[in-house]
Amino acid sequence: TSKFTYPLASRDETVVEEYFDTKIVDPYRWLESPDAEKTKEFVEAQNRVTIPFLDECEYKPAIREKITKLWNYPKASEPYRHGSHYFQYRNTGLQNQSVIYKMDELHTEGKVFLDPNTLSPDGTIALQASSFSDNGKIFAYGLSKSGSDWIEVRFRSVETGEDYNEVLKKVRYSSLTWMKDNVGFFYGGYLDQIKSDGTEIDASENQKLYYHKLGTEQDKDIVTVKFDDPHLRIGAEVSHCGKYLVITPVKGCKNNLLYIGKLDKEITGELSLQPIVESFNADYEYVTNDDDIFYFKTNRNAPNYHIIAVDLKNSAESNWKTIIPEHEKDVIDDAQSINHKYFVISKLHDVKHVLYLYEISTGKLVHEFKLDVGSIMGISGKRKHTRMFYSFCSFLTPSIIYQVDFEDDKIEEKVYHETVVGDFDRNNYETKQVFYESKDGVKVPMFLISAKGVLDNPTGDTPAWLYGYGGFNISLTPSFGISKLIFINNFKGIYALANIRGGGEYGNKWHDGGRFENKQNCFDDFQYAAKYLIDKKYTNNKKLVIQGGSNGGLLVAACINQAPELFGAAICQVGVLDMLRYHKFTIGHAWKSDFGCSSEEDQFKYLIKYSPLHNIFEPNEEKQYPATLLLTADHDDRVVPLHSLKFIAELQRKAGRSPHQQNPLLIRLETKAGHGGGKPTSKIIDELTDIFCFVSRTLNIQFYQ
Ligand SMILES: O=C(NCC(=O)N1CCC[C@H]1C(=O)O)OCc1ccccc1
């Protein structure tokens with residue numbers, strides 16, 4: 001690839017920050033102002049370099065055509081019962097947003113209930129939150145614009161399909177939950193926030209839990225719960241019996257407080273709350289309750305989670321009862337209630353889901369559902385229902401929806417709907433789970449997917465795509481994706497998913513193994529995954545592309561700083577790249593629960609060691625950066641674009657200018673787009689096409705039609 005002349009970004013060396021006894025220069029601080037003219041010029045200059053590079057890919061039209069063709073298969077969610085109707089999300093294949101259908105009977109076409117595609121010509125208005133009233137007659141729904149976390153909440157009558165007049169604004173990081181009277185509604189709002197279009201970078205503060213009465217204006221809403229700490233987000237859920245409000249305030253992204261408010265009278269002001277947990281010592285998630293006995297899924301004294309019962313009449317921890325004990329290896333993932341008397345619980349067993357029924361009153365195991373290797377994507381059904389649905393997927397199965405009917409003590413299961421993808425034939429592929437050793441000897445699981453026969457006959461020259469995340473207790477379970485199939489099929493590649501530490505695959509210990517001072521374990525695990533793929537001759541370092549987004553973007557950027565020799569290309573999406581300043585923007589402060597914060601000396605000491613922006617090396621004859629593509633967007637208010645702008649500016653200056661840096665170092669900046677949630681199909685296809693073009697050109701791999 002030809003030598004690049006990268007845009008010059010001015011540097012202001014006078015911006016110096018003191019971190020304890022260390023001075024850190026921040027010359028691109030000016031790129032933190034998204035609306036500044038200079039920033040806009042910088043963005044345009046970058047796109048003028050990147051777009052031609054991607055457009056020159058000879059396979060671009062064929063790649064786009066292939067993605068579009070494979071993507072174009074009908075998708076349908078499991079049915080959800082609310083009141084006397086069933087609701088289902090459907091997409092004919094290429095629609096920008098899925099459509100909600102309302103059915104009177106199962107297996108019927110039903111009719112369109114809410115079609116977000118009618119709300120914007122380019123599909124950038126998305127449904128980001130929703131909650132049906134208990135009687136299923138009113139649908140509360142939150143719409144986001146251009147991928148921002150901000151939502152506007154509206155209310156739609158199920159019978160008429162008409163919206164009520166009110167619109168709730170300045171809502172984000174919010175639960176939506178109804179009173180059982182189908183008139184009262186709770187949500188979390190930042191009503192004194194000035195700007196809220198998703199391009200602002202400042203943090204929102206002082207979220208309050210509001211009570212809204214259906215049919216009234218937002219300015220009549222009542223503050224029912226508020227806390228002094230400006231960073232608390234107030235989770236709330238009306239109990240199944242309707243008599244209580246379960247309040248779960250959260251500060252970071254781990255551990256929450258727990259309060260219960262009684263809802264027995266007219267809501268006129270702040271609720272009096274019964275404190276259950278008043279320190280951030282664990283996660284507590286409401287499952288259901290029988291009057292004063294509340295069931296929670298928690299990792300309190302149970303790193304793999306367990307189900308406990310708390311009696312409101314004596315809610316001291318010493319009086320809590322364990323109903324379903326933790327498993328020594330398997331991790332409880334989702335816990336709901338169904339058919340009046342059962343818990344329905346999914347657990348992760350070596351990164352594959354298993355599904356169980358337990359009796360609520362005794363905690364006794366009642367039934368285990370037989371599942372293939374794969375994931376439970378969703379469970380649909382309420383405690384008062386005698387029917388539930390769950391959707392299953394795997395790397396080679398897009399979606400199978402099962403229907404389960406409980407008659408007396410009989411449990412009857414059948415396939416409700418199986419999704420078919422064009423001419424995709426799963427028999428041409430194979431999946432393998434391997435366990436490789438990381439730097440410290442810890443065994444890390446990794447999934448490998450390829451065409452049949454490829455894994456058993458490694459040639460050392462197969463293109464490989466290694467994906468990882470490694471944080472926030474998030475488990476990467478098998479999922480079906482067109483992009484994986486195209487890389488396997490049309491680039492004749494191997495797809496690898498590494499379940500590195502920081503995730504939730506093995507409960508709390510796996511999460512703790514990859515956070516705070518242990519964060520380097522995530523990078524080691526990912527680099528050792530790459531070494532494994534190379535040592536086993538599945539690929540070589542010129543044919544290996546690594547990809548990750550957000551916290552996974554941090555992973556990718558840290559790894560190309562630390563071990564550039566392992567990779568041929570790196571795709572870093574919406575990455576967290578300035579670890580000294582991330583907490584200052586939008587919801588960044590919440591991530592201290594994984595990253596720590598540079599305001600603490602001991603945490604600054606480990607953050608400065610891996611912060612991507614502060615560890616860029618100057619290439620020499622021995623080492624250069626792999627071909628690197630950063631991606632971000634103007635309405636990303638989860639991870640603000642300044643991370644990627646500052647990183648690419650420094651990377652292109654310090655590395656890009658060196659004669660030893662032959663591989664391109666580029667950034668792709670999208671408009672009217674955000675962190676990823678709600679992204680319209682058209683933009684997803686554009687982005688994936690560009691990523692494949694970048695990989696094809698830089699790894700010099702052919703696209704087979
Ligand atoms: O910040 C997070 N989650 C963590 C997160 O998004 N992270 C954590 C690091 C960067 C980024 C990512 O990896 O996607 O969620 C905030 C939120 C949004 C909507 C509703 C409730 C709460």
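Counting starts at 1 for both ligands and their atoms, in listed order. Nothing fancy with the numbering, it's 1 onward along the sequence.
- Using a 4.0 Å cut-off to heavy atoms of V639, the atoms of ligand 1 that qualify are 10 (C).
- Geometrically, ligand 1 and S550 share a nitrogen or oxygen pair separated by less than 3.5 Å.
- Residue R638 places at least one N or O, backbone or side chain, under 3.5 Å from an N or O of ligand 1.
- Salt-bridge formation is not detected for the pair K584/E32: no Lys NZ or Arg NE/NH1/NH2 atom is positioned less than 4.0 Å from an Asp or Glu carboxylate oxygen.
- For the residues Y582, W591, Y469, F595, the heavy atom positioned nearest atom 4 (C) of ligand 1 is part of W591.
- Interface atoms of ligand 1 facing I587, defined by a heavy-atom separation under 4.0 Å, are 1 (O), 16 (C).
- Ion pair K646/D26 flagged as a salt bridge, since at least one NZ, NE, NH1 or NH2 atom sits closer than 4.0 Å to an Asp/Glu carboxylate oxygen.
- For ligand 1, the atoms closer than 4.0 angstrom to any heavy atom of H675 are 12 (C), 14 (O).
- Looking at Y173 next to ligand 1, no N or O pair under 3.5 Å apart turns up.
- With respect to the salt-bridge test (charged N to carboxylate O, under 4.0 angstrom), the residues K679 and E687 qualify.
- Per-residue contacts place V576 under 4.0 angstrom from the following atoms of ligand 1 (heavy atoms of the residue considered): 10 (C).
- Classified by interplanar angle (parallel below 30°, tilted 30° to 60°, perpendicular above 60°), the ring pair H231/H589 is parallel.
- Taking the six-membered ring for Trp and thresholds of 30 and 60 degrees, H240 and Y286 have ring planes more than 60 degrees apart, a perpendicular arrangement.
- Interface atoms of ligand 1 facing N551, defined by a heavy-atom separation under 4.0 Å, are 10 (C), 12 (C), 13 (O).
- Between atom NE2 of residue H82 and atom CD1 of residue I138 there is a gap of 13.0 Å, rounded to the nearest 0.5 Å.
- In this structure, Y582 and W591 have parallel ring planes: the angle between them is below the 30° cut-off, well short of the 60° mark.
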